[in-house]
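All remarks here apply to the structure that follows.
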Amino acid sequence: MQLLAKQSLGQNFVYVPHNDFQGAEGLPLIDMGELQTGIITEEEEGAPSHRRNQIAKDLVKSFSDWGFVQLVNHGVSTHVIQAMQTQAQKFFDLPLEQKEKGKLIVTPGSTNKNEGFGYGVESGIFYVGRPWIDRFQCRWSPVDSIPDLADNVYSEDAHDAQEFSGSMQDYNRSLDKLTVQILELCAEGLGLESSTFTKAYLGTAGDCIARMNYYPPCPLPSLTLGLGAHSDPNLLTILHQCKVGGLQIYRDGSWFSVKPLPNSFIVNVGDSFEAWTNGRFKSVKHRAVVNATASRLSIAYFSNPPSSSIMTIPQKLINSQHPLQFRPAFTWGEYKSHLMEMHQKPNGIKASKAWLRSSSSSINSHSNPSTKTSPHFLMLNSDNNNNNNNNCMYQSDVSFNLGI
Ligand SMILES: O=C(O)CCC(=O)C(=O)O
Ligand SMILES: [Fe+2]
């Protein structure tokens, strides 16, 4: 990508033109400030205060309506966000040879395949085009791969490695806490026990990764995309975009551009959470556009429960107004296995979401999911041109996003 960015836009990068968006002024913004100060923590008898209740309701409304929300005063310190941003920029500014030291070397039999620096498309997956992106992906939990990757990239300078790891770990720790808080509020807003989702999510035991997305300037931005339209397969995604905008959300047949707001987070519901809430929350398509002059950086934190945790649709979310639409119970591990299998097939990416809509619970009909090996994907080199489909236009409706 670094090399390609200097050249003209190759055919493989061409999407259908996409100047068809408007500003997402209506995207709900929630101020969580009062939750952080302790003013409205749980009252003594355990009942949420009126304000907490209101925030929970607003969150549920946004996730039901937009599938997205913007959060301000979310409790993650500005310092932590800025340090992460600085480290991410510093990484992408490194010479290509040095960044490539953070490229994952896949050893036979390893399940540790989806991390490190690479081009934004996974090899082995049937895809139809190429997004205009470089990225660096680190598994955070249950195993923290950050120090190893940092040591590889900054092999010459232990201080730089330490700074990178430290910033990333602080950031991920904070986002894990925020994820837990959001999940509790979601449960409360839906009229459920506060711990309904968190008791399966299990915090840092979950399957979570942080990904830095870097979109270099592009000579013909209206003909390509940084990321094609996709929904995220995971539970929740928390995104921070730098001051250069690019995120667009699909809603009511139109694309809406989300203007960056300093120190805010954009949170979206993933396919698994949509299913877990029996469709009360929407997992909505989104994409990233690029521009001619500025590079853009976004940092995405993808969270999931541990592979073997069972997500059971709460009975309260199933009634005559909301009949069961999704698998009554499933694990992230089995959905992930299914995704990886489908992504090897033409149109499999689109079809994979249908698995969640199957009416049967998979829990009893499968062997213990925790005993399965989780499949992972490989990443291409940043300048690897081994496109397995080198003569087609991008389709605007294709997911390249496997935050798994
Ligand atoms: O960079 C962005 O704005 C979007 C990133 C995204 O959708 C993703 O990484 O899944
Ligand atoms: Fe995404």
Side-chain angles (χ1 to χ4, degrees), residues 1 15 18 21 23-24 27 63 66-71 81 84-85 88-89 92 114-115 117-122 125 127 130-140 172 175 208-218 221 224-251 255-261 264-274 281-291 294-304 339 343 349-350 352-353 377 379 396-404:
M1 176 65 70
Y15 276 87
H18 53 84
F21 56 88
L27 177 64
F63 282 167
W66 282 78
F68 273 81
V69 73
Q70 284 188 96
L71 299 182
I81 297 175
M84 178 69 226
Q85 180 90 15
Q89 189 64 55
F92 287 112
N114 56 344
E115 292 153 40
F117 173 63
Y119 177 66
V121 176
E122 301 76 26
I125 286 175
Y127 58 89
R130 315 195 76 196
W132 194 262
I133 186 173
D134 274 355
R135 64 193 196 182
F136 189 55
Q137 180 155 300
C138 301
R139 178 157 302 277
W140 163 240
N172 290 347
L175 289 214
C208 302
I209 56 174
R211 180 198 293 162
M212 299 176 265
N213 295 313
Y214 177 72
Y215 306 93
C218 176
T224 193
L225 284 168
L227 266 185
H230 67 278
S231 61
D232 297 342
N234 51 296
L235 200 61
L236 273 180
T237 303
I238 304 183
L239 186 87
H240 181 264
Q241 51 175 357
C242 73
K243 57 184 190 308
V244 179
L247 175 67
Q248 296 188 342
I249 301 172
Y250 193 70
R251 181 177 160 79
W255 286 101
F256 290 88
S257 217
V258 185
K259 211 168 147 198
L261 190 62
S264 69
F265 286 118
I266 299 157
V267 185
N268 65 284
V269 171
D271 301 338
S272 307
F273 207 18
E274 179 182 65
F281 293 169
K282 304 281 178 284
S283 172
V284 168
K285 270 197 305 195
H286 52 285
R287 67 186 186 186
V289 297
V290 287
N291 70 72
S295 61
R296 174 171 180 262
L297 190 63
S298 74
I299 300 158
Y301 183 81
F302 300 99
S303 50
N304 284 297
L339 287 172
H343 288 173
I349 292 172
K350 266 186 173 179
S352 58
K353 218 176 147 174
F377 60 77
M379 300 185 82
S396 62
D397 200 18
V398 170
S399 166
F400 297 103
N401 180 59
L402 300 175
I404 52 183

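Order of appearance sets the numbers: ligands from 1, and atoms from 1 within every ligand. We use all heavy atoms of the structure for the numbers below, so side chains are in, but hydrogens, waters and symmetry mates are not.
- Proximity to F302 (heavy-atom distance under 4.0 Å) selects the following atoms of ligand 1: 8 (C), 9 (O), 10 (O).
- When all heavy atoms of L297 and A88 are compared, the closest pair comes out as CD2-CB, 3.8 Å.
- Distances from the Fe ion (ligand 2) to the N/O/S atoms of H230 are shortest for NE2.
- The shortest separation from a heavy atom of R287 to ligand 1 is not under 4.0 Å, leaving the residue out of contact.
- Distances from atom 3 (O) of ligand 1 to the heavy atoms of H286, Q241, R296 show the closest one on R296.
- The two atoms that bring P216 and W132 nearest to each other are O-NE1, 3.0 Å, heavy atoms only.
- Against a heavy-atom cut-off of under 4.0 Å, S298 is close to the following atoms of ligand 1: 1 (O), 2 (C).
- Nearest heavy atom pair, residue P233 against residue S272, reads O-OG, 2.7 Å.
- The shortest separation from a heavy atom of R135 to ligand 1 is not under 4.0 Å, leaving the residue out of contact.
- When the heavy-atom distances from atom 8 (C) of ligand 1 to L239, V244, L227 are ranked, the shortest goes to L227.
- Of all the heavy atoms in R287 and L227, the pair that sits closest is CB-O, 3.2 Å.
- Nearest N/O/S atom of D232 relative to the Fe ion (ligand 2): this is OD1.
- Pairing each heavy atom of L247 with each of R296, the nearest pair is N-NH2, 3.5 Å.
- Taking the six-membered ring where the residue is Trp, F117 and F136 present tilted rings, their angle falling between 30° and 60°.
- Contact detail for F256 and R251: the closest heavy-atom pair is CE1-O, 3.5 Å.
- Within ligand 1, counting atoms from 1 as listed, the ones closer than 4.0 Å to a heavy atom of L247 are 3 (O), 4 (C).
- Within ligand 1, the atoms closer than 4.0 Å to a non-hydrogen atom of Y215 are 1 (O), 2 (C), 4 (C), 5 (C), numbered from 1 in the order shown.
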